[in-house]
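What follows is a set of notes on a single structure, which appears directly below.
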Amino acid sequence: MDLTLGHEVGYSIPQEDCTGPNTILRFCWDRLLLQELASTRGTGTWSVLVLDEAQERSVASDSLQGLLRDARLGNLPGDPRVVVVTDSALEPKLQAFWDNPPIVHVPREHGGSPTPIYKDKVPTNRVEAACQAVLDLCWKEAPGDVLVYLPSEEEISLCCESLSKEVGTLALPGAPPRVLPLHPGCGQAVQAIYEDTDTGARKVVITHWLADFSFSLPSIRHVIDSGLELRSVYSPRIRAESQVLRPISKCQAKARQLRARGCPPGSCLCLYPKSILELEAPPLPHPRVCEENLSPLVLLLKRRQIAEPGQCHFLDRPAPEALMQALEDLDYLAALDDNGNLSDLGVILSEIPLPPELAKALLASCEFDCVDEMLTLAAMLTASPGFTQPPLCAEEAALRRALEHADGDHSSLIQVYEAFIQSGADESWCRARGLNWAALCYARKLRGELLELMRRIELPLSQPAFGSEQNRRNLQKALVSGYFLKVARDTDGTGNYLLLTHKHVAQLSSYCCYRNRRAPAKPPSWVLYHSFSISKDNCLSIVSEIQPQMLVELAPPYFLSNLPPSESRDLLNQLREGMADSSTESESFSPQQFRDACILQ
């Protein structure tokens, strides 16, 4: 077809909109579409909407279906045709949800499906077993590329490193295979997977759940499946994520096997017994709306003028405590008024494509005159460019330490970004320091988008002042304004931090700049953290020291009153009473009395 990308056919993804007024067919990221739908009274300007891969059960996909269903039942403006493309396993649930819509079964393309081969028992070392399976295929000279599924990015990296060493030392027949990782942190390096090689080298793609449904490479002829996934599951009770290693669903297992479909069919080696799939695996993937922090979603629903998030229809309804916790957090952030509707501040927060607490910190920076630094920090916190792996050598460790800032991890991120820009966005500069070049490039684009957004809604900006004492205090105040829910106190002076909002004890991440200081450096008494993950060591990630007086000054009084009983709460209440007494005493003196006092002195 003689069509031009960006004209008749376009796409919308984060930080890039390649569409125009004449665009007829538009491909769009589901979260962007959800934000657009939340901003309009009806259903948008499209006449036909195709929701693909609905069986992935993302928050955006499930929420879009709920909003579109409510719009159809409520006869709101714009009544598009909605086509939901999904695996047949989800068909009964969708039929009931959409009130028995017509169903079209699309036959699979020609080619046979591989017969999966199951192991008798789960290997003690998944990475080692996957590597050996790949090498066996190479020795057999079985034609075609290989797709390996492992649970986590860490295991993907270990597998890539181990395989690359092995194929470099073995005299394998033919050209040595190209080992390629595939996960969200790869950035533009993912393009290498789709590039043809003149050498005819076999590609070995190492990935995880990301490639269950939305990835396709026709040259794949062999699949090696660990049968596991590592997912973050949010607990609203303690406002923390935990890393859960669990079996994949039957639907995912089938999708992975079909990656080796063809004429003749390829092979699929499952590194687990068939009994695990039959007895432990759920039929469908877990709905993410039941496993993620719902504050961003509830903010969008409020923007849609849905008074009670529980009124919105969901394929699987989230737990009531998850919705209540989201409402409580938004109330603490002053995003809701006394009637539970969006406040003026909440409307602005809903316009900013960031988590509510980070958006609140960015807005607070307008008051504290540190917008330039907070824009950088917001982009860096979203992009997560590192450091997430230990340094490979002493030289890399020394280069990393040079980027650390005395004020903590937040200021270190700003320092990393500024050094990256000064390097000319050099990829080798990032590699030498163990930083993710693609993530830093993404942070630069996101920062520009946030800056343009603030200009469009006419928010005040500020000049760069990073490093000055005043800017240091202002940046801390902006962070506390958004992240007062994420504060912890060292209770015994040894780095055991008690979280304020519940009585969990956590330690600083091994990559925290406070951990890397030379002994006998004492950990800070009060810290603000970006995230808390329940794992084998209960880590606080991206941490900076704060003063408790700042928390008393900037957090809502009823938030402090609602904290669970602890020594930390008592200290904060004492500070609040002391600050209130000081304020009362200062107000009791007249200006003349102050002048007299000065004369007496």
Side-chain angles (χ1 to χ4, degrees), residues 25 27-31 33-34 37 43-44 46-74 79-116 149 209-216 223 225 227 229 231 246-262 265 268 270 274 276-292 297 311-319:
L25 177 61
F27 294 87
C28 184
W29 195 41
D30 56 1
R31 293 204 178 195
L33 191 60
L34 178 61
L37 192 62
T43 54
W46 54 84
S47 55
V48 178
L49 177 63
V50 180
L51 286 174
D52 198 8
E53 307 291 7
Q55 73 275 9
E56 288 190 355
R57 306 302 308 275
S58 70
V59 172
S61 176
D62 280 14
S63 303
L64 277 168
Q65 292 189 66
L67 291 177
L68 290 168
R69 179 185 183 279
D70 291 344
R72 184 170 66 88
L73 294 178
D79 186 16
R81 293 180 181 273
V82 179
V83 180
V84 181
V85 182
T86 185
D87 188 272
S88 57
L90 192 58
E91 181 183 314
K93 184 180 285 286
L94 287 176
Q95 258 194 307
F97 184 78
W98 286 100
D99 195 20
N100 293 315
I103 297 174
V104 177
H105 293 277
V106 180
R108 298 190 186 275
E109 59 189 42
H110 295 292
S113 300
T115 301
Y149 285 96
W209 52 263
L210 177 72
D212 283 342
F213 302 108
S214 303
F215 170 76
S216 179
V223 171
D225 181 16
E229 64 176 3
R231 300 301 292 260
R246 62 194 182 193
I248 58 173
S249 65
K250 294 180 175 68
C251 177
Q252 289 170 280
K254 186 65 176 177
R256 293 181 179 187
Q257 294 167 18
L258 291 176
R259 292 287 175 258
R261 184 182 177 86
C268 178
C270 300
K274 189 175 183 180
I276 290 181
L277 183 66
E278 293 174 340
L279 301 177
E280 298 183 24
L284 288 163
H286 297 266
R288 295 301 296 165
V289 76
C290 298
E291 298 184 336
E292 290 190 9
L297 175 62
Q311 294 176 358
C312 181
H313 288 88
F314 293 98
L315 277 170
D316 287 275
R317 186 170 295 279

| said: Run Ile248 and Arg256 through side-chain contact (heavy atoms from CB on, under 4.5 Å) and show every step you take. | reply: CA-CA 10 Å; Ile248 58 173; Arg256 293 181 179 187; 3.6 Å; yes

For [X] and [Y], work out which heavy atoms get closest and say how close.
X      : Y      : answer
Ala255 : Asp212 : CB-O, 3.4 Å
Ala89  : Leu284 : CB-CD2, 3.6 Å
Tyr149 : Ala211 : OH-O, 2.9 Å

Do the non-hydrogen side-chain atoms of [X] and [Y] ever get within less than 4.5 Å of each other?
X      : Y      : value
Gln95  : Glu91  : yes
Leu315 : Leu94  : yes
Cys251 : Pro283 : no
His286 : Arg246 : yes
Val82  : Trp98  : yes
Arg231 : Arg288 : yes
Ser63  : Ser61  : no
Phe314 : Gln65  : no

| message | We want to know whether Gln252 and Ser249 form a side-chain donor-acceptor pair, criterion being a heavy-atom distance below 3.5 angstrom. | response | yes

When rounded to the nearest 0.5 angstrom, what distance separates [atom1] in [X] from [atom2] in [Y]?
X      : Y      : atom1 : atom2 : answer
Ser58  : Arg31  : OG    : CZ    : 7.0 Å
Gln257 : Thr115 : CD    : OG1   : 9.0 Å
Arg317 : Asp62  : CZ    : CG    : 12.0 Å
Leu258 : Phe213 : CG    : CZ    : 10.0 Å
Cys270 : Ile276 : SG    : CD1   : 10.5 Å

| field | Residue pair Arg261, Ser113: steps toward the side chain to side chain donor-acceptor pair (under 3.5 Å) verdict | value | CA-CA 5 Å; Arg261 184 182 177 86; Ser113 300; 2.8 Å; yes

Donor-acceptor contacts under 3.5 Å from residues 48-55 side chains, at least two apart:
unit_1	atom_1	unit_2	atom_2	d
Glu53	OE1	Gln55	NE2	2.7
Gln55	OE1	Thr86	OG1	3.3
Gln55	OE1	Asp87	N	3.2

| field | Lys250 (side chain) donor-acceptor with Pro282 (main chain) under 3.5 angstrom | value | no

| field | Cation over ring face, Arg69 and Phe97, 6.0 Å, 45° | value | yes

| Run the side-chain contact (heavy atoms from CB on, under 4.5 Å) check on Val83 and Val104 step by step: do they pass? | CA-CA 10 Å; Val83 180; Val104 177; over 6 Å; no

